[in-house]
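These notes are about the structure you will find just below.
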Amino acid sequence: MQLRTFLAVYRAGSFTAAGALLGLSQPTVTSQIRALEARLDHQLFERLPRGVAATSVADELAARIAAPLDELATVAERGRTHDEPSEPVHLGGPAEILSVRALPVLAPLVEEGLRLRVTTGLADDLLDGLRAGRFDLVLSAIRPRGRSVVAVPLMDEEFVLVAAPAWAAQLTGLTCDDPRPLNDVPLVAYAEDLPILRRYWRHVFRTRLAGPPAVVVPDLRGVLAAVTAGAGVSVLPRYLCEHERGSGALVPLLDPDDPPINTGFLAHRAGAPARRHVTLVRDRLLHAARDW
């Protein structure tokens with residue numbers, strides 16, 4: 001048990017995060033590490049203001065025990081009976097892509113015994129949770145930094161300037177070189193500071209967007225609903241408004257040669273022990289993303 005706790009601390013970088021992974025309290029983790037240090041007569045971790053840093057002794061110990069302990073964990077996972085529930089896979093990401101892309105392709109895995117816990121939120125918060133051990137996988141709109149997280153590109157989001165047909169009919173003079181027809185049109189945004197809209201204006205129109213939004217909805221599906229109902233103009237990921245564009249409920253206002261694109265990533269903790277269902281979810285998402 002002490003070695004398993006040690007490996008969790010080594011990988012998570014803190015006693016608190018390791019406790020969350022193992023279902024132990026922080027004092028219990030601290031007690032076990034101190035007992036192991038006493039047995040080895042060597043310090044394993046240097047206490048920092050935030051977390052811990054591994055010593056060279058800890059590096060050597062982790063190199064020796066990681067593979068055997070991970071293999072034991074894999075064997076234990078395989079040894080579960082059909083009726084015994086597996087440990088849930090904790091998945092984090094933006095609400096929109098989880099709802100529209102990820103959950104539909106993961107749903108069939110429930111019949112194979114998958115237990116899934118989904119958390120929505122902002123990329124920075126979710127990545128902090130991944131590092132702390134609260135999540136197994138995170139769909140991230142930004143590339144994670146640091147060696148504690150491994151990320152692979154998952155999909156490219158292309159952004160589209162859209163409006164309902166009634167608004168589109170009034171914007172016939174709009175071009176990539178002249179955004180002035182949009183000056184008096186209400187803007188529907190994800191946040192008060194218009195992050196997606198400002199990026200589109202900067203990338204396509206080569207100008208700074210000024211003025212407050214008319215409607216703010218902190219969920220792009222809500223933005224989609226408002227724009228479709230005629231609230232104004234917005235910028236949305238192409239995948240999110242495919243149906244509305246196909247039906248004519250929304251009209252793309254421009255078709256720039258170089259539209260803004262954002263790459264999404266699938267991230268996991270570096271060195272996390274292998275778990276069958278985590279691997280299954282990761283592989284399913286990567287395979288499905290080929291068609292996204």
Side-chain angles (χ1 to χ4, degrees), residues 1-78 86-93 117 119 121-140 142-154 265-279 281-283 286:
M1 186 63 179
Q2 289 176 354
L3 290 178
R4 182 166 169 258
T5 301
F6 157 77
L7 194 58
V9 174
Y10 184 84
R11 286 169 165 165
S14 84
F15 290 174
T16 302
L21 287 170
L22 299 173
L24 301 174
S25 67
Q26 189 268 339
T28 300
V29 172
T30 301
S31 176
Q32 291 190 15
I33 295 301
R34 285 176 176 169
L36 183 58
E37 289 177 327
R39 284 177 55 194
L40 299 175
D41 195 26
H42 283 290
Q43 183 180 1
L44 296 172
F45 299 104
E46 295 179 7
R47 279 62 171 177
L48 303 175
R50 295 187 62 183
V52 295
T55 65
S56 59
V57 174
D59 290 336
E60 182 181 354
L61 179 60
R64 289 166 54 196
I65 70 170
L69 288 182
D70 288 346
E71 181 60 28
L72 285 173
T74 302
V75 171
E77 179 95 0
R78 292 187 192 130
S86 63
E87 185 178 346
V89 175
H90 293 269
L91 173 66
R117 301 293 181 266
T119 301
L122 299 176
D124 286 332
D125 296 335
L126 294 171
L127 290 172
D128 286 343
L130 180 65
R131 295 183 183 97
R134 295 195 297 274
F135 306 115
D136 299 299
L137 297 166
V138 164
L139 300 171
S140 175
I142 61 175
R143 182 188 291 273
R145 296 180 179 179
R147 293 181 295 177
S148 62
V149 172
V150 177
V152 294
L154 184 69
F265 297 86
L266 180 58
H268 66 275
R269 289 192 316 281
R275 288 176 48 209
R276 184 172 68 89
H277 280 155
V278 174
T279 301
V281 168
R282 181 178 182 273
D283 290 348
L286 290 174

Between [X] and [Y], which heavy-atom pair has the shortest distance, and what is it?
X: A58; Y: Y10; answer: O-CE1, 3.7 Å
X: F135; Y: G92; answer: CD2-N, 4.4 Å
X: L126; Y: V138; answer: O-CG2, 3.7 Å
X: A267; Y: V149; answer: CB-CG1, 3.7 Å

Contacts of type side-chain hydrogen bond (donor to acceptor under 3.5 Å, both in side chains), residue [X], not counting sequence neighbours:
X: D125; result: none
X: R282; result: none
X: Q43; result: none
X: S140; result: none

Can you tell which of R275, R117, R276 makes a salt bridge (Lys or Arg N to Asp or Glu O under 4.0 Å) with D136?
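Passing option: R275.
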Let's go through I142 and L127 carefully: what are the C-alpha distance in whole Å and the side-chain angles of both, what is the deciding distance for side chain to side chain contact (heavy atoms under 4.5 Å, CB included) to 0.1 Å, and is it a yes or a no?
CA-CA 9 Å; I142 61 175; L127 290 172; 4.0 Å; yes
State, yes or no, whether a side-chain contact exists between H90 and T119 at a heavy-atom distance under 4.5 Å.
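H90 vs T119: side chains apart.
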Is there any salt bridge (charged side-chain N to carboxylate O under 4.0 Å, His left out) pair reaching into residues 54-66, and which pairs are they, with sequence neighbours excluded?
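Passing the test, one end in residues 54-66: no pairs.
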If you look only at pairs with a residue in residues 31-41, which of them pass as a salt bridge (charged side-chain N to carboxylate O under 4.0 Å, His left out), with sequence neighbours excluded?
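Those involving residues 31-41 are E37-R47.
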For R145, side chain to side chain contact (heavy atoms under 4.5 Å, CB included) partners two or more places apart
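By the side chain to side chain contact (heavy atoms under 4.5 Å, CB included) rule, R145 matches no residue at all.
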Excluding sequence neighbours, so at least two apart, what forms side chain to side chain contact (heavy atoms under 4.5 Å, CB included) with S31?
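With neighbours one apart ignored, the set is empty.
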Just verifying a value: how many Å separate D128 CG and L122 CG, rounded to the nearest 0.5 Å?
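Reported value, rounded in 0.5 Å steps: 11.0 Å.
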Distance, nearest 0.5 Å, that separates CG of L7 from CG of L61
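Interatomic distance, L7 CG to L61 CG, rounded to 0.5 Å: 8.5 Å.
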Could you check L40 against Q2 for side chain to side chain contact (heavy atoms under 4.5 Å, CB included), going step by step and ending with a plain yes or no?
CA-CA 12 Å; L40 299 175; Q2 289 176 354; over 6 Å; no
Kindly write out the residues that satisfy salt bridge (charged side-chain N to carboxylate O under 4.0 Å, His left out) with D124, not counting sequence neighbours, or none if the list is empty.
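D124 satisfies salt bridge (charged side-chain N to carboxylate O under 4.0 Å, His left out) with no residue once adjacent residues are dropped.
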Passing option when L266 is tested against V150, L139, V281 for side-chain contact (heavy atoms from CB on, under 4.5 Å):
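The passing option is L139.
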Tell me yes or no: between the side chains of T28 and Q32, is some donor less than 3.5 Å from an acceptor?
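No - no donor-acceptor pair under 3.5 Å links their side chains.
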Does any pair with a residue in residues 29-68 pass ring pair (Phe, Tyr, Trp, His ring centres under 6.0 Å), and if so which ones, sequence neighbours excluded?
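Residue pairs with at least one partner in residues 29-68: F6-F45.
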